[in-house]
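So the structure is just underneath, and the comments pick up after that.
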Protein chains: 2
Amino acid sequence: MFRRQHFTKISHRCFSSESRINSFIKSKLMSAEDIAEKLPEKLTLGASGFTPAGYPKVIPGAYAQRIKNSKNPEDFSINLYTGASTGDELDGVLARTGRLKLKIPYQSHPDLRKFINQGKLDFIDMHLSHVSRYMREGIFPPINVAIVEACDVTSDGRIYLTNSSGMSSTYLALAKDIYVELNEAHPLEMKGLHDIYLPELHTGRPINIDYVDDRIGTPYIRVNPERIKGIILTNKFDSSPGFKKPDDASFKIANHILDFILNEVEHGRIPKKLLPFQSGVGNVANAVLACIAKDNRFKSIEMYTEVIQDSIFDLIDSDKLRFASTTALTFSLEGQKRFFNQLTELKSKFILRPMEISNNPEVIRRIGLITMNTALEADIYGNVNSTHVLGSAMMNGIGGSGDFTRNAYVSMFMTPSIAKGGKISSFVPMVSHCDHNEHSVQIMVSEQGLADLRAKTPKQRAELIIEKCVHPMYKDQLRDYYKQAQRVSFGLHTPHDLQQALSWHVRLQQTGSMHPDYQQTKTKDTEQAAKQDAQTASTKK
Amino acid sequence: MFRRQHFTKISHRCFSSESRINSFIKSKLMSAEDIAEKLPEKLTLGASGFTPAGYPKVIPGAYAQRIKNSKNPEDFSINLYTGASTGDELDGVLARTGRLKLKIPYQSHPDLRKFINQGKLDFIDMHLSHVSRYMREGIFPPINVAIVEACDVTSDGRIYLTNSSGMSSTYLALAKDIYVELNEAHPLEMKGLHDIYLPELHTGRPINIDYVDDRIGTPYIRVNPERIKGIILTNKFDSSPGFKKPDDASFKIANHILDFILNEVEHGRIPKKLLPFQSGVGNVANAVLACIAKDNRFKSIEMYTEVIQDSIFDLIDSDKLRFASTTALTFSLEGQKRFFNQLTELKSKFILRPMEISNNPEVIRRIGLITMNTALEADIYGNVNSTHVLGSAMMNGIGGSGDFTRNAYVSMFMTPSIAKGGKISSFVPMVSHCDHNEHSVQIMVSEQGLADLRAKTPKQRAELIIEKCVHPMYKDQLRDYYKQAQRVSFGLHTPHDLQQALSWHVRLQQTGSMHPDYQQTKTKDTEQAAKQDAQTASTKK
């Protein structure tokens, strides 16, 4: 308790008006090119950033240029550790050097994806809550350099981050040399938004977050100032893609979800004041918040999540956001400007936490969250594939979806029922890769309807998913599979026909569609088809 | 803090020498047959017991007899909710009435398994940590009767359980009518072993267990004594199967595990005093404890687990057991006698907790466990099937393995590399059912060796598993699959040949073996073969 009050006080003190370029910063100022020259050729870089938010935007480009100018670019090799995916100025720029050898722990950049699936780049796709510990235990190649974006640095080594917290505290703790991009696009009033707390290993000490707005840490990351080897000044907004209004299918999914939640409240399984929400990135998640904002039946919302997008403004405008805990503010350009302009009033409604806290299963389980994540595909028994197209091609990665789903109070997965104009059904006999299994997936939603899978046998689940979620053009086909599976397996607990279980995927590989009536002339070779499928699934997500 | 001290005091007070048959018990005494007559024909029964430990042993048989004697047995239907599987006197007896319609949340009884896979009995296979909440939220058909085994009952409604805690506290809270089997085989000194705490829903309140021996509850379950409708006296030991000495393969697996743990200690990833262990039921888990007992490099062990078996006596005899938290003491007859005889000295080393606490992800994550669970099969990328033979036939269920694995500090899965004399390889191209995915499975062990899958790409994992874990008779075959998968998927992130991914299982269905050289004449029809496979996998587990 003392701890919490103590740090709350510090946080309030941080509304400071000191000049940004203090004498310490001045003494460390360098050019991006000079820093690029000082970075090692074998670079293991821990960078700030989680999604395209709060990542270094200039030094990576200068380093890429150094590689390009080098007579021996093959002397360079880069391991890149970030919070999750970041912006093109970091993920993309370094990938395109061709010298990126290892990326951890998430990616969603087309260039990275290409190299990963070509086998040219090692990617470790992991639960985000595991990353910090693995780093600190030395399971990964050790970090030699950390580069973080900050809005302020003090002479005693306090670094104030910008739009994301991500893995920065761990990387700054571990790196030999630290470089800072001091980004003047961020108001100094950002100071105080972050709550930095790095749990000790092996202590069994609880993480004392019982409510989404509990503060247990400091608003800065403290490092030995001597380890800060250089600072550059920048003035750049995060290059988040513009915010796309959710489509019709997303709104249908969102409405199914809201009806379900209200029904749970009515039955006393969710309290009237609701439970905090976690929502993945994307259209549907945004549609849910937009619908809540408009719906009179919802009064006040809390979020305990990893990414906040522009859709939060709908809640703010309708005065329904009580509090949002996140590790990243991933706003469009307009969203960033609005957030900075309204920072004084909005600050009391947000906390930015390190990824190991935003995604911490202990806290997630204790608080009790309604989680909403996107499925790439799901099967009739409720198993979910979040990561792999056709079982082999990495799409984005599991990210935090496992941390949240497995420990949720109510775990939901959502997906439009078809993709690629109907050539792909999101509901298949058996998933080609399983990231979330039947035991952990409680609610499945498509624009067709919502299936409550809790307390159901596999057969009840299959019937419910086919009935509620599957697109009409695939319903009979999936019913036929299910009947055939019951026939060949003589009933059993979870009927499957193992000779046909993956046949929809094979048909997609061979004909370009999961639907048998699809009459595409196969003009492309299989490789091209697979690439196209991967691309489509990407835009779908 | 106040709470914890308060209850510790109560617990110490409980070493009482009062006569077991107090006037309250006397006033409630009935025969089992009388109770059986009073039970409803539509019975939804919440029973004590977790594994064959602490379950009611007499009333279920009397109720089964009533059904047998009935002119209209089809008027009866039973939903049976337990902690996990229990003994034949409960699970078996009620299954054989043919009137059991629903079983939750785990089973390992051959009669139950048969009915489940014949589609005659609904079985909901779920994470054990989810059960209490689902029950209390009314997601399952509501309980009308609770029957628990106790070693004492007081006139003010305190019920002291016996060899397991399981789901008893939840079922007693929810049932309309309560019946007690007062089992005089258990010494009254059992009182004080249990620590009963039922977390409130929707509060975000932490479960204050930071160390395996923390007490946060009461040594009894308190109910309104008026709800206790009848008590019978019994004097029966749990009918646990005799303790089988681990086989050679189990000792080999155990030794790989101990070497791994000591290497982790050496590298500072596990502290010198170690971390508490969770271990599943079975040979390998027992072999690990036996090896620790003999190995001078291990000094003192803590357990935070769901089942304790006779192997704990190896640790006790070598003075290496510091403390064990569990929800069940599943001893052989000899083990039960020994435990009761030594209860005074052993009591300070054990806590029996409700299943929602023993398996609580918040606590598991906080404490940081080394978890060891058994795989039915695993694939080259580290996905684990714990539940389904050939993707369809339910073996036992996921039990607590998901609660522990997903939140472990180090999660291990172990399996002998082959089963059925080599007709089955435990390592396959793709699992036919996925209960624990590549993101959550960190260590894979067979008698052949141990694969550390942490921080590895899928391709690195495949090579490691084939190299370290696979039986020599299947190594080339699995290498061939992996090469073929790389060829047809053009590399990609997680190479699979979807036309062949399940071909090993199909071959087993068709020929009786996964090995192509196996020359069995196919005399049996497919149904028989599937049955035989299920049976074999059962004994394997």
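Just so you know, these numbers come straight off a predicted model, no measurement behind them. Lettering of chains follows the sequences in order, A, B, ..., and the numbering in each one begins at 1.
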Taking [options] one by one, which has the highest count of heavy-atom pairs under 4.5 Å against chain A?
options                                : answer
B:Pro361, B:Gly268, B:Gly138, B:Pro105 : B:Pro361
B:Asp452, B:Ile124, B:Ile116, B:Ile104 : B:Ile124
B:His433, B:His505, B:Lys273           : B:His433
B:Gly491, B:Gly391, B:Pro199, B:Gly368 : B:Gly391
B:Ser489, B:Ser432, B:Cys434, B:Pro495 : B:Cys434
B:Asp497, B:Val506, B:Ile367           : B:Val506

Under a 4.5 Å cut-off applied to non-hydrogen side-chain atoms, are [X] and [Y] in contact?
X        : Y        : value
B:Met430 : A:Leu502 : yes
A:His130 : B:Gln442 : yes
B:Asp122 : A:Gln460 : yes

Portion of [X] that has a non-hydrogen atom of chain B nearer than 4.5 angstrom:
X        : value
A:Ala485 : neither
A:Pro458 : side chain
A:Tyr134 : side chain
A:Thr457 : both
A:Pro206 : both

Between atom [atom1] of [X] and atom [atom2] of [Y], what is the distance when rounded to the nearest 0.5 Å?
X        : Y        : atom1 : atom2 : result
B:Asn437 : A:Asp125 : CG    : CG    : 9.5 Å
B:Leu498 : A:Gln509 : CG    : CD    : 5.0 Å
B:Ser440 : A:Ile398 : OG    : CD1   : 7.0 Å

Exercise for the section: May I ask you to check whether A:His267 and B:Glu137 show a side-chain donor-acceptor distance below 3.5 Å? Expected result: no
Handout entry: Between B:Ser392 and A:His496: side-chain donor-acceptor atoms closer than 3.5 Å
Key = no
Problem - The single option from B:His127, B:His436, B:Met126 passing side-chain contact (heavy atoms from CB on, under 4.5 Å) against A:His439 - result: B:His127
Heavy-atom contact with chain A under 4.5 Å, split by part of [X]:
X        : result
B:Glu438 : side chain
B:Asn383 : side chain
B:Lys459 : side chain
B:Thr203 : backbone
B:Asn407 : side chain

Practice task
Please answer whether the main-chain N or O of B:Arg205 pairs with a side-chain N or O of A:Asp210 as donor and acceptor at a distance below 3.5 Å.
Solution key: no
Practice task
Return the option, out of A:Arg133, A:Arg136, A:Gln486, with the maximum number of heavy-atom pairs under 4.5 Å with chain B.
Solution key: A:Arg133
Handout entry: Residue selection (most heavy-atom pairs with chain B, distance under 4.5 Å) from A:Ser503, A:Gly402, A:Pro276, A:Pro271
Key = A:Pro271
Fill in the blank from the handout: Applying side-chain contact (heavy atoms from CB on, under 4.5 Å) to B:Glu264 and not counting sequence neighbours gives B:Phe260, B:Arg269, B:Ile270, B:Arg454
Practice task
Could I get the full list of side chain to side chain donor-acceptor pair (under 3.5 Å) partners for B:His493, not counting sequence neighbours?
Solution key: none
Practice task
May I ask you to check whether B:His202 and A:Tyr409 place their ring centers less than 6.0 Å from one another?
Solution key: yes
Problem - B:Asp403 with A:Arg406: basic N within carboxylate O range, under 4.0 Å - result: yes
